[in-house]
Amino acid sequence: MSRLVVVSNRVAPIEEGKATAGGLAVGVLDALRKSGGIWFGWNGETVKENGPAKTQTKDNIDYVTFGLTKRDYDHYYRGFSNATLWPIFHYRIDLARYNREEYDGYRRVNMAMAERLKPLLKTDDIIWVHDYHLIPFAEACRMLGIRNRIGFFLHIPFPAPEILTAIPPHNELLKTLCFYDLIGFQTDTDQLAFQDYITREVRGVLEKDGSLTAYGHNFRVGVYPIGVMPDVIQKQAESYRTRRQFISRSIEGVPYKTIVSVDRLDYSKGLVERFQAFEKLLEHFPEHHRAVQFVQIAPSSRADVVSYQNIRRQLESHAGHINGHFSELDWTPIRYLNKSYDRRTVMGLFRSSDVGLVTPLRDGMNLVAKEYVAAQDPENPGVLVLSRFAGAARELNSALIVNPYDHVGMAEALDRALRMPLEERKSRYEDMMRVIRKADLASWRDNFLRDLRAFSSKALVQSIETKDAAGEEVDSKQKVAL
Ligand code: F6P
């Protein structure tokens with residue numbers, strides 16, 4: 001079988017038990033563990049000068065990483081990726097900025113990454129590229145003559161064309177995306193938004209076989225909702241006895257209930273709206289005073305991007321306001337922890353909590369929603385309260401689905417969740433577990449790679465018969481090499 005080469009902006013830390021930042025890292029690492037291969041990307045550090053990539057091998061994975069110069073970091077990561085693409089793809093035009101130099105830096109780093117990867121590749125490697133930082137990566141590879149099959153998976157939402165076109169070079173950017181052989185999305189909404197752009201904005205064609213033709217490329221698109229590994233999560237959750245810590249925090253011998261949320265500190269996660277909803281719960285349902293505690297874990301993220309500094313300030317001020325207003329000597333309603341914990345601790349915390357509150361304003365999938373459910377005790381499961389704007393809501397419709405812009409509606413859902421009888425909790429849990437088991441992480445990986453293998457060889461032969469990346473005719477020997 002061909003080797004898997006995963007390319008993502010950031011490569012997760014390889015030390016066992018270390019906290020990982022975000023669903024991508026968790027998903028990719030677990031996906032690679034089975035097949036083995038290369039994980040190629042940024043090591044998270046800034047360096048004075050570009051140096052050679054470093055390889056560390058653990059088990060069956062080669063982690064090939066490199067640093068970014070301050071200029072590349074500013075332009076590619078902090079700038080175009082996280083101050084232009086991220087807000088726009090999450091429908092926050094108000095928070096987006098565009099700077100041509102940063103866009104050039106984004107293109108430059110994609111090209112430099114492709115150049116670094118090229119000497120490591122074998123002819124039949126299959127390349128799986130992840131997320132919005134690397135939209136032009138396949139184009140860069142093709143320009144360097146790399147002919148391997150290349151697939152792309154977008155972990156975040158794909159915006160409606162009206163939003164996307166706010167990015168000045170949207171056309172050029174989307175043209176580069178069409179160099180991939182297969183483009184995967186989290187939900188059908190994302191895929192439809194992309195198809196809408198391709199067919200209406202650039203007059204691309206949706207072919208009878210479901211593939212798309214645009215900018216002179218024929219490629220396939222598909223929906224591959226990322227999942228989790230429920231059995232592994234169950235074990236982690238069972239092994240960590242967080243419950244005792246919470247039970248010991250009782251008032252006059254009565255343990256209080258716990259609502260839990262775990263997110264990167266990001267404005268797309270709806271943290272402020274969630275705090276406001278919790279405040280409404282305490283205002284409208286005073287019976288929960290001294291009977292419930294909300295634990296929000298939110299490690300800082302992209303702390304040098306201005307909009308992230310603002311959201312952190314807002315959150316701290318809301319938590320302070322709510323605690324100042326409602327706290328008693330023996331009860332603090334919100335515990336806000338601005339730090340990360342290892343997965344075992346988090347899964348144990350999920351299992352020991354009565355409600356999982358996952359309410360992003362917009363999210364590609366949100367694996368926390370699936371992890372919360374998978375971590376529950378089947379005999380006494382907690383309740384998931386989930387935003388309709390998380391990709392996960394399209395699958396987990398037995399959660400209590402809420403609109404995060406409706407604070408009172410969220411408060412009502414929280415009240416309902418806190419009072420939900422065991423039978424209903426079990427029935428909702430079982431429904432969701434069926435979905436989680438069926439669309440688990442292995443099927444996400446296997447379905448994507450199966451489709452990439454099946455389609456791209458045909459597509460590549462087709463495009464190579466016409467011309468190579470530089471537009472020159474190629475001979476038939478190269479076809480055999482595929
Ligand atoms: O899932 C979205 C995502 O941007 C991933 O690409 C990334 O691994 C994660 O969030 C964490 O973001 P960052 O690498 O910017 O800290």
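Ligands are counted one by one from 1 in listed order, and the atoms in each one are counted from 1 as well. Just so you know, these numbers come straight off a predicted model, no measurement behind them.
Taking the charged nitrogens against the carboxylate oxygens, Asp266 and Arg302 do have a contact shorter than 4.0 Å, which makes a salt bridge. The pair Arg107-Glu139 counts as a salt bridge, with a side-chain nitrogen and a carboxylate oxygen less than 4.0 angstrom apart. Note on Arg312 versus Glu316: salt bridge recorded, some NZ/NE/NH1/NH2 to OD/OE distance being below 4.0 Å.
For the pair Arg362 and Tyr91, the cation-pi test (distance below 6.0 Å, angle within 45°) is passed.
Annotation: Arg10 places an N or O atom under 3.5 Å from an N or O atom of ligand 1; distance criterion only. Considering backbone and side-chain N/O of Tyr132, one or more are found under 3.5 Å from N/O of ligand 1. For ligand 1, the polar-atom distance check finds an N/O of Asp131 within less than 3.5 Å of one of the ligand's N/O atoms. Ligand 1 has no nitrogen or oxygen under 3.5 angstrom from a nitrogen or oxygen of Trp86.
A search for salt bridge (charged side-chain N to carboxylate O under 4.0 Å, His left out) contacts involving Asp125 returns Arg3, not counting sequence neighbours.
Under 4.0 angstrom from ligand 1, the non-hydrogen atoms of Arg264 all belong to its side chain.
Interface of Arg302 with ligand 1, defined as ligand atoms under 4.0 Å from a residue heavy atom, comprises 3 (C), 4 (O), 10 (O), 11 (C), 12 (O), 13 (P), 15 (O). Those atoms of ligand 1 that come under 4.0 Å of a heavy atom in His133, given as number and element, are 6 (O).
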Test log, rule side-chain hydrogen bond (donor to acceptor under 3.5 Å, both in side chains), inputs Ser443 and Asp440: CA-CA 5 Å; Ser443 56; Asp440 66 357; 3.1 Å; yes
